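Shown next, in structure tokens, is the structure this report addresses.
Both ligands and their constituent atoms are indexed starting at 1 by order of listing. Here the structure is a predicted model, which is why all the values come from computation and not from measurement.
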Amino acid sequence: MLPTIEWQPDAVVMVDQRKLPGQEIYVRCRTAAEVARAIKTMVIRGAPAIGVAAAMGVALGVRQSRASGTRQLTVEFTKICDKLAATRPTAVNLFWAIERMKRAFGTAVQAGASVDDIKARLEAEARAIHDEDVEGCRTLGHVGAEVVPAAARILTHCNAGALATAGYGTALGVIRAAAEAGKVATVFADETRPFLQGARLTAWELVRDQIPTTVITESMAGPLMRSGGVDLVVVGADRIAANGDVANKIGTYTVATMAHAHGVPFYVAAPLSTIDLSTPDGDHIPIEQRPPREVTHVGATRVAPEGASVWNPAFDVTPAALVAGIITEKGIARAPYAESLRALFD
Ligand code: MRU
């Protein structure tokens, strides 16, 4: 399985996703601040992977604290959590993971645990978040494979694979499980401008797994669907609101609209940690704006003239009405989502 992120006693190690597929380079983050920088600069990206990185960043930061008592440790812990929470605003897994670390910290402090015990408990919690994510992806992958027809031609957008999670993937988890069941004819990987997660990362993962892969630019998805070339769309999510609206990589809304227009089922695959029942609908999901350079340049090459301004939202919102189902490790939620999503947590 792809080594997305690994806990080591003195570091959090992650594959540098900015360099793939050309180079497989590993980044050692030795402090919580370095983990925060890695999240912000997209060394690691993808909602569940960001959550795991944040949890490990918290555990690493606390481990390195020289606090002699819990009072001082609490002050440092809060600062570490705040720093990690300020990295990327849209993927709710980041905040979900930090909340979990806060609960683990609070429980340990209340139980009168020593500083060393608290450090050990936070490390165990971060490892648990990692392992549960891999397990959850495998489960949701197999749940989702049921909706994949035989000889399926599946389109996906961005990268919701092993690299975007602790392992196996969400949308790619569904595709992997369907491929294991012999159901996948080919996968169309949207290039995913401007960061090219589809062309660089999704295609890399699928080719490694020997799953037939065709890279297209997103502008090709509509005509491809119109020609009858796509049986099903599966994408991941960064945050799913209580009403079923889905924030995912910019371009997803266009794909969903095209799928709807051509009668192609559009599925979202995500773990429960991506569902945010406290956000009522998509209008309340904060959308990250990324630096203009991601749009004006392809790699090191400038493709837009100096002086042109740039709009670069990293995500968009797909209305629940366009979503055929939300595939999770607890089953597939279908409309009306206000009820079906809530029921997943019962
Ligand atoms: O900006 P990114 O690369 O972090 O965005 C990632 C996505 O939008 C993914 O599709 C989403 O996080 C699902 S990952 C399982």
Whether the side chain of Lys40 engages the backbone of Val35 through a donor-acceptor N/O pair (distance < 3.5 Å, no angle test) should be reported.
no

For ligand 1, which atoms have a heavy atom of Cys158 less than 4.0 angstrom away?
6 (C), 7 (C), 8 (O), 9 (C), 10 (O)

Solution key, residues 54-61 side-chain donor-acceptor pairs under 3.5 Å, sequence neighbours excluded:
none

Hey, is ligand 1 close enough to Gly161 that some N/O pair sits below 3.5 Å?
no

Tyr253 versus Asn248: any side-chain heavy-atom pair under 4.5 Å?
no

Can you find a pair of side-chain heavy atoms, one from Ile332 and one from Glu146, that are under 4.5 Å apart?
no

Check: of Asn248, Ile50, Thr170, min heavy-atom distance to atom 10 (O) of ligand 1 comes from Asn248

If we only consider heavy atoms of Ala91, is any one of them less than 4.0 Å away from an atom in ligand 1?
no

Between Asp281 and His284, is there a side-chain donor-acceptor contact under 3.5 Å, judged purely by atom types and distance?
yes

N/O donor-acceptor pair under 3.5 Å between Thr192 side chain and Cys158 backbone:
yes

Option whose closest heavy atom lies nearest to atom 6 (C) of ligand 1, chosen from Arg45, Arg290, Met42
Arg45

Using a 4.0 Å heavy-atom threshold (strictly under), name the region of Phe195 that reaches ligand 1: side chain, backbone, both or neither.
neither

Please say whether Ala47 places an N or O atom under 3.5 Å from an N or O atom belonging to ligand 1.
yes

If the contact criterion is a heavy-atom separation under 4.0 Å, does Ala314 count as touching ligand 1?
no

Hey, does Gln197 come in under 3.5 Å of ligand 1, counting only N/O atoms on both sides?
yes

Residues, nucleotides or ligands: over 12 heavy atoms within 6.0 Å of Arg226 CZ
no

Which protein non-hydrogen atom lies closest to atom 7 (C) of ligand 1, naming both residue and atom, and how far is it?
Asp238 OD1, 3.2 Å

Check if Val235 has a non-hydrogen atom at a distance under 4.0 Å from any atom of ligand 1.
no

Tell me: protein heavy atom nearest atom 5 (O) of ligand 1, and distance?
Lys249 CE, 3.3 Å

Do Ile80 and Val109 land in one hydrophobic cluster if side-chain heavy atoms of ILVMFWY residues count as linked below 4.5 Å?
yes

Who's closest to atom 2 (P) of ligand 1 heavy-atom-wise, of His157, Gln17, Arg88?
Arg88

Heavy-atom pairs closer than 4.0 Å: do any link ligand 1 to the side chain of Thr252, the backbone, both, or neither?
neither

For Lys183, look at atom NZ and say whether over 12 heavy atoms of other residues, nucleotides or ligands are found less than 6.0 Å away.
yes

How far is atom 14 (S) of ligand 1 from its nearest protein heavy atom, and which residue and atom is that?
Ala164 CB, 3.4 Å

Check each atom of ligand 1 against the heavy atoms of Ala160 and keep those under 4.0 Å away; list them by number with element.
14 (S), 15 (C)

Does Val27 reach the side chain of Glu34, with side-chain heavy atoms less than 4.5 Å apart?
no

